[in-house]
Colleague: 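I have a structure I would like to understand better, so I am pasting it below and will then ask my questions one at a time.
Given the structure is predicted, the values throughout are model-derived calculations rather than measurements. Atoms considered below: every heavy atom in the structure, side chains included; atoms not considered: hydrogens, waters and symmetry mates.
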Amino acid sequence: MILKTVGAILVLASATAIGSILAFQVKEQERWLADMKLSLILLSGELEYHQIPFPEAMRLTGTKHKGRMRDFFRKAGEELEKREGESLSVVWRRQAERCLKQSPLKKEQKEEFSEIGIYFAGADSNVRKKALEFYFSRLEEEIVRMRSTEKEKAYLYRMLGMLGGVFLLILAC
């Protein structure tokens, strides 16, 4: 009897924990998107106002920014400074895929960030500025949408985890 009770408690606790992990991932997605937006704003400022070369602007953004995208900008900037014959868009995509591989972002969100590097490669400042403004507006819409549904999703994931645990208990008994 004690073994069944302990097993039931463990099943319920683990199912609830899975729901909590999923709820945490929703919040993490929103944080990643906000961090991406902030880092791109910093990069845009370095390029537009300080008018420094792109590799140095990337490296400086990675140095100044303390968020999740810090490693991406620092490594991409260092790789671009080496100039091994690869274009900016190739380096951007490779570093974005490496950096975002473990992130909780959706595949589409990762792809959009990977593709924004195309607009930096060989684009004049007007094209780059318009592309960034468009991407900023898309990011902002996504962040607002996620914030509006975050509490409901978190509650839903936790409840589904708990109810899934109860369902497993009913099946086991």
Colleague: Taking ring-ring contact (aromatic ring centres under 6.0 Å, His included) as the test, write out the residues that go with Phe54, two or more places apart.
Modeller: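 Partners of Phe54 by the ring-ring contact (aromatic ring centres under 6.0 Å, His included) criterion, ordered by chain and then number, come out as Phe120.
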
Colleague: For Lys110, I'd like to know if atom NZ has over 12 heavy atoms of other residues, nucleotides or ligands within 6.0 Å.
Modeller: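 More than 12 heavy atoms, drawn from other residues, nucleotides or ligands, come within 6.0 Å of this atom.
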
Colleague: List the atom of Ala15, the atom of Gly161, and the distance in Å for their closest heavy-atom pair.
Modeller: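 Scanning both residues, the minimum pair turns out to be CB-O, 3.0 Å.
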
Colleague: May I ask you to decide whether Lys82 forms a salt bridge with Glu79, counting only side-chain N to carboxylate O separations under 4.0 Å?
Modeller: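 No.
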
Colleague: Do Arg74 and Arg70 have side-chain heavy atoms sitting under 4.5 Å apart?
Modeller: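 Yes; the side chains approach each other to less than 4.5 Å.
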
Colleague: Are there more than 12 heavy atoms of other residues, nucleotides or ligands under 6.0 Å from atom NZ of Lys106?
Modeller: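 Count over threshold, so yes.
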
Colleague: So how far is it from Glu112 CD to Arg138 CZ, rounded to the nearest 0.5 Å?
Modeller: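 Here the rounded value is 4.0 Å.
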
Colleague: Looking at every non-hydrogen atom in both residues, tell me the closest pair between Ser148 and Arg145 and how far apart they are.
Modeller: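 Closest pair (atom of Ser148, atom of Arg145, distance): OG-O, 2.8 Å.
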
Colleague: Does Met146 belong to the same Ile/Leu/Val/Met/Phe/Trp/Tyr cluster as Met69, with side-chain heavy atoms less than 4.5 Å apart forming each link?
Modeller: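 Yes.
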
Colleague: Is it true that Glu97 and Arg93 have a side-chain N and a carboxylate O under 4.0 angstrom from each other?
Modeller: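 A salt bridge is present here (some side-chain N lies under 4.0 Å from a carboxylate O).
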
Colleague: Taking CD in Glu152 as the centre, count heavy atoms belonging to other residues, nucleotides or ligands within less than 6.0 Å. Is the count above 12?
Modeller: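 Yes, enclosed.
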
Colleague: Count I, L, V, M, F, W, Y as connected when their side-chain heavy atoms are under 4.5 Å apart, and connections chain through other members. Are Ile9 and Leu3 then in the same cluster?
Modeller: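 Ile9 and Leu3: separate clusters.
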
Colleague: State the CD1-OG1 distance between Ile21 and Thr16, to the nearest 0.5 angstrom.
Modeller: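 Ile21 CD1 to Thr16 OG1: 11.0 Å, rounded to 0.5 Å.
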
Colleague: Quick one: closest heavy-atom pair of Ala96 and Ser114, and the distance?
Modeller: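 Distance-wise, the nearest heavy atoms are CB-OG, 3.5 Å.
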
Colleague: Within the structure provided, determine whether Arg68 and Glu28 are in side-chain contact (heavy-atom separation under 4.5 Å).
Modeller: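 Yes - at least one pair of side-chain heavy atoms lies under 4.5 Å apart.
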
Colleague: If I take atom CD1 from residue Ile41 and atom CG from residue Leu132, how far apart are they, to the nearest 0.5 angstrom?
Modeller: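 So the gap between those two atoms works out to 9.5 Å.
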
Colleague: Under a single-linkage definition using a 4.5 Å side-chain heavy-atom cutoff for Ile, Leu, Val, Met, Phe, Trp and Tyr, are Val166 and Leu168 assigned to the same hydrophobic cluster?
Modeller: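 Result: yes, single cluster for both.
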
Colleague: Can you hop from Leu100 to Tyr135 via hydrophobic side chains spaced under 4.5 Å?
Modeller: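 Linked, Leu100 and Tyr135 end up in one cluster.
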
Colleague: Yes or no on side chain to side chain contact (heavy atoms under 4.5 Å, CB included) for Arg94 and Val91, after CA distance, side-chain angles and deciding distance?
Modeller: CA-CA 5 Å; Arg94 181 176 47 248; Val91 171; 3.9 Å; yes

Colleague: Glu48: what forms a salt bridge (Lys or Arg N to Asp or Glu O under 4.0 Å) with it, not counting sequence neighbours?
Modeller: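 For Glu48 the salt bridge (Lys or Arg N to Asp or Glu O under 4.0 Å) partners, ignoring immediate neighbours, are Lys129.
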
Colleague: Ion pair present between Lys27 and Glu30, side-chain N to carboxylate O less than 4.0 angstrom?
Modeller: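 Counted as a salt bridge, because a side-chain N and a carboxylate O are separated by less than 4.0 Å.
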
Colleague: Would you name the heavy atoms of Met58 and Gly77 that are closest together and state the gap between them?
Modeller: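 Between these two residues, the closest heavy atoms are CB-CA, 3.6 Å.
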
Colleague: Would a 4.5 Å heavy-atom cut-off, applied to side chains only, mark Trp32 and Pro104 as touching?
Modeller: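 Contact flag for Trp32/Pro104 side chains = yes.
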
Colleague: Anything under 30° is parallel, anything over 60° is perpendicular, the rest tilted; go ahead and classify Phe73 against Phe113.
Modeller: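 Phe73 and Phe113: perpendicular rings.
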
Colleague: Kindly give the heavy-atom pair with the smallest separation between Phe24 and Arg31, and that separation in Å.
Modeller: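 Residues Phe24 and Arg31, closest heavy atoms: CE1-NH1, 4.1 Å.
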
Colleague: Measuring from His65:NE2 to Met36:CE, what's the distance to the nearest 0.5 Å?
Modeller: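 One finds 10.5 Å between NE2 of His65 and CE of Met36.
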
Colleague: Would you call Glu78 and Arg59 a salt bridge, using N to O less than 4.0 angstrom?
Modeller: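 No, no charged N to carboxylate O under 4.0 Å.
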
Colleague: Measuring from atom SG of Cys99 to atom CH2 of Trp92, what distance do you get when rounded to the nearest 0.5 angstrom?
Modeller: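 Reported value, rounded in 0.5 Å steps: 10.5 Å.
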
Colleague: Considering residues, nucleotides and ligands other than Lys107, do more than 12 of their heavy atoms fall under 6.0 Å from its NZ?
Modeller: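 Incorrect, the count does not exceed 12.
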
Colleague: Do Glu142 and Leu105 have side chains that get closer than 4.5 Å, going by heavy atoms?
Modeller: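 The answer is no; the side chains never approach within 4.5 Å.
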
Colleague: Indicate the atoms forming the closest heavy-atom contact of Gly165 with Val11, along with that distance.
Modeller: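 Minimum heavy-atom separation between Gly165 and Val11: O-CG1, 3.9 Å.
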
Colleague: Salt bridge or not for Glu133 and Lys130, using N-O below 4.0 Å?
Modeller: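 No salt bridge links Glu133 with Lys130.
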
Colleague: CG/Leu33 to CG/Leu139 distance, rounded to the nearest 0.5 angstrom?
Modeller: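 Answer rounded to 0.5 Å: 6.0 Å.
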
Colleague: Can you list the steps and then say if Gln95 with Arg98 is a side chain to side chain contact (heavy atoms under 4.5 Å, CB included)?
Modeller: CA-CA 5 Å; Gln95 289 299 328; Arg98 185 194 59 76; 2.9 Å; yes

Colleague: Can Leu160 be reached from Met162 by stepping across I, L, V, M, F, W or Y side chains whose heavy atoms are under 4.5 Å apart?
Modeller: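 The answer is no; the residues belong to distinct hydrophobic clusters.
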
